[in-house]
Visitor: 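My structure is below; once you've seen it, I'll send some questions.
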Amino acid sequence: MTERALAGRLAGLTGTEARLQGWVHRIRRIGGVAFVLLRDRSGVVQTVFDPNGPAAAGLAALNVEDAVEIKGVVRAEERAQGGYEIAGKQLTVIARAEVLPFEVNLPVLKVGQDLALDNHPLSLRHLRNQAIFRLKAAIIAAFRDFSGAHGMVEVQTPKIVATATEGGANLFPVDYLGRRAYLAQSPQFYKQLLVLAGFERVFEVGPVYRAEPHNTSRHLNEFTSMDWEIGFISTASDLMDLEEELLHTIVARLRGNEARHLETLGVDPAANLPAQGIPRVPLSEARRLLADRYGKELPPGDLDPEGERLLCEATGGAAFVTDWPLATRPAYAAPREDRPELTDSFDLLMGGIEVTTGGRRIHDYPKLRASLEGRGLNPASFGFYLDGFRYGAPPHGGLAIGAERLTMAMLGLGNMRDATLFPRDLERLAP
RNA sequence: GGAGGCGUGGUGUAGAUGGCCUAACAUACGUGCCUGUCACGCACGAGAUCGCGGGUUCGACUCCCGUCGCCUCCGCCA
């Protein structure tokens, strides 16, 4: 049996007989010719049949999205998109497709979110969806490669945990063989401990869970967190420098290997990356800028979503917001040396949404203990975490990038569900 | 948790000052025609008691109340 050829890789096969397998993307019957567009993981290729030839019966019964095998001779053909087509000799249906609940071969999928999710194996076949998730995979792969190249070790931290890392009640309780446990809302404590454990630099790509009943286009109850934790840094600026380099590395990778998918979506992944570098704006300055330029008066505390959008607009797509007051950050956030009322931490806003939170951590054992106590937290309940700092904890810091949020920002998506294969939200637990 | 909006053939939409709705358009589906299409084209056909329940009215897809489902925004964060 001849090896399976792929629709998007026919260049070297001109003149030979090829065997392709895939799905029927579209059928066009024009009197004396029939075109069957075959789609596989590499792309779409046109095959041509004589509707009165040997394949007549199969052709007549063919449905869009049938899984098929097609044999035929590869030829260069200017009239075909992509420059190649298959002169079809044999058409075999591997598995029939029933009449579709919606069309999957339109330039843009026209279907409600709910129906699309209920039929996700079908809606994901759409070329735009294929492009999104292949690009997301490439973003994550680039994160991995970049992290490894910068001396970080990939680690796996537990997703079933005994305590909260951020405080708050946003934890999913689970029954752990009769004991109360929770789904991890962040790898925070564990990644810090692994830095202290001698790995110095670690990274993780993994799921995190937030039991918050939020109902927006950029919140889900399960998402993918891309984390760094790095020892022996001096300030959070080191982290921002590194993240900015990472973002450019990701863009280069998408423009290289994944250019075809960017083209499908018609997007520029660097559209929200300011050419002159991502500005670093202290929170107080961001507030002043919003007031001066947009007349937007914010209540004390965090920026609101509109403020985040406007700030990105003002800075050419993205901004690091720095110098968050102690009260706005968790107990482990390290204060600035020169201005102890502010933390040495940052958020990265990109395309109007918060994509990253990061910062330097408190590494001094007595100070960490005092910070927890200062928040009214009981140090005893942080046992293993706090104890880790007793034996020579180096200065360190890290960040967490929401993989779906970054994908949204780079691909210009309006809803985080579009960047999540099987989204978990307030309503949806299946598929 | 709060606010707003939407629900019309399989899908996506139009119709909304109540009567012209015997509910329209596109596409998908079925039948036929067409030698090179590019979301091919043309003709014909089938397909919706307008989410559900109640009310107002001579008359409701349209107005009112309730209910169910969904979407968006806000709070919070990645």
Side-chain angles (χ1 to χ4, degrees), chain A residues 25-37 44-53 60-61 63-65 77-82 85 87 97-119 122-123 126-127 166-170 185-188 205-227 299 301-309 324 328-330 347-350 353-358 399-409 414-417 419-420 425-428:
Chain A
H25 186 65
R26 189 179 289 281
I27 308 165
R28 285 194 276 268
R29 295 174 235 262
I30 289 101
V33 219
F35 299 102
V36 176
L37 304 198
V44 178
V45 70
Q46 169 167 295
T47 69
V48 195
F49 285 89
D50 174 1
N52 302 309
N63 289 321
V64 171
E65 294 306 317
E77 172 56 73
E78 282 186 9
R79 289 174 294 182
Q81 284 186 0
E85 71 175 13
E98 296 176 17
V99 175
L100 306 180
F102 48 83
E103 290 116 279
V104 298
N105 57 9
L106 295 175
V108 175
L109 193 59
K110 284 185 184 171
V111 60
Q113 190 179 88
D114 222 32
L115 189 68
L117 286 170
D118 284 338
N119 296 277
L122 200 55
S123 56
H126 191 273
L127 291 175
E166 315 278 334
N170 52 352
Q185 67 189 157
S186 143
Q188 185 63 36
V205 178
V208 293
Y209 303 90
R210 305 284 163 88
E212 285 155 15
H214 32 217
N215 203 346
T216 80
S217 55
R218 62 189 190 290
H219 288 94
L220 290 173
N221 298 296
E222 177 180 52
F223 64 92
T224 308
S225 186
M226 302 193 293
D227 279 83
D302 201 346
L303 302 175
D304 65 7
E306 189 191 25
E308 294 176 342
R309 282 189 290 272
W324 294 79
T328 63
R329 294 284 168 163
D347 281 1
L348 173 63
L349 305 182
M350 201 176 161
I353 55 173
E354 186 179 327
V355 160
T356 295
T357 291
L399 54 75
I401 304 172
E404 288 80 10
R405 290 237 181 131
L406 181 61
T407 303
M408 280 176 82
N415 194 313
M416 189 168 159
R417 274 155 263 248
T420 307
D425 64 25
L426 210 48
E427 303 297 335
R428 193 165 277 278

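Proteins get letters first, then strands, A, B, ... in listed order; numbering begins at 1 in each.
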Visitor: For His219(A) and Met416(A), what are the C-alpha separation, side-chain angles and deciding distance, and is it a side chain to side chain contact (heavy atoms under 4.5 Å, CB included)?
Guide: CA-CA 7 Å; His219(A) 288 94; Met416(A) 189 168 159; 5.8 Å; no
Visitor: Taking the same atom, C1', in rG41(B) and in rU35(B), what whole-Å distance lies between them?
Guide: 14 Å
Visitor: Only counting residues at least two apart or in another chain, list the ones meeting side-chain hydrogen bond (donor to acceptor under 3.5 Å, both in side chains) with Arg329(A).
Guide: Ser345(A), Asp347(A)
Visitor: Phosphate oxygens OP1/OP2 of rC38(B): is one of them under 4.0 Å from a side-chain N or O of Gln81(A)?
Guide: no
Visitor: Is Phe223(A) stacked against the base of rA78(B), taking the criterion as centroid distance under 5.5 angstrom and interplanar angle under 30°?
Guide: yes
Visitor: Give the dot-bracket line for RNA chain B from 5' end to 3' end: parentheses for intra-strand Watson-Crick or G-U pairs under 3.5 Å, square brackets for crossings, | for inter-strand pairing, dots for unpaired.
Guide: ((((((((.[[[[.)...(....]]]].(((((.......))))).....[[[[[..)....]]]]])))))))....
Visitor: Is it the case that rG36(B) (base atoms only) and Glu78(A) (side chain only) share a donor and an acceptor within less than 3.5 Å, ignoring hydrogens and angles?
Guide: no
Visitor: Any side-chain N or O of Asn119(A) under 4.0 Å from OP1/OP2 of rU11(B)?
Guide: no
Visitor: At less than 4.0 Å, is any side-chain N or O atom of Thr216(A) found next to OP1 or OP2 of rC76(B)? Yes or no.
Guide: no
Visitor: Can you find a donor-acceptor N/O pair under 3.5 angstrom joining the side chain of His214(A) to the base of rC77(B)?
Guide: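 Side chain to base: no pair present.
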Visitor: Please confirm whether any donor atom in the side chain of Arg218(A) sits under 3.5 Å from an acceptor in the base of rC73(B), or the reverse.
Guide: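 No, no donor-acceptor pair under 3.5 Å.
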Visitor: Salt bridge check, Arg417(A) against Asp114(A): does any charged N sit closer than 4.0 Å to a carboxylate O?
Guide: no
Visitor: Would you say the base of rU37(B) stacks on Phe35(A) (centre-to-centre below 5.5 Å, plane angle below 30°)?
Guide: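 Yes, Phe35(A) stacks on the base of rU37(B).
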Visitor: Under the salt bridge (Lys or Arg N to Asp or Glu O under 4.0 Å) definition, can you give me all pairs with a residue in residues 213-227 of chain A, not counting sequence neighbours?
Guide: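 Sorted result for residues 213-227 of chain A: Lys191(A)-Asp227(A).
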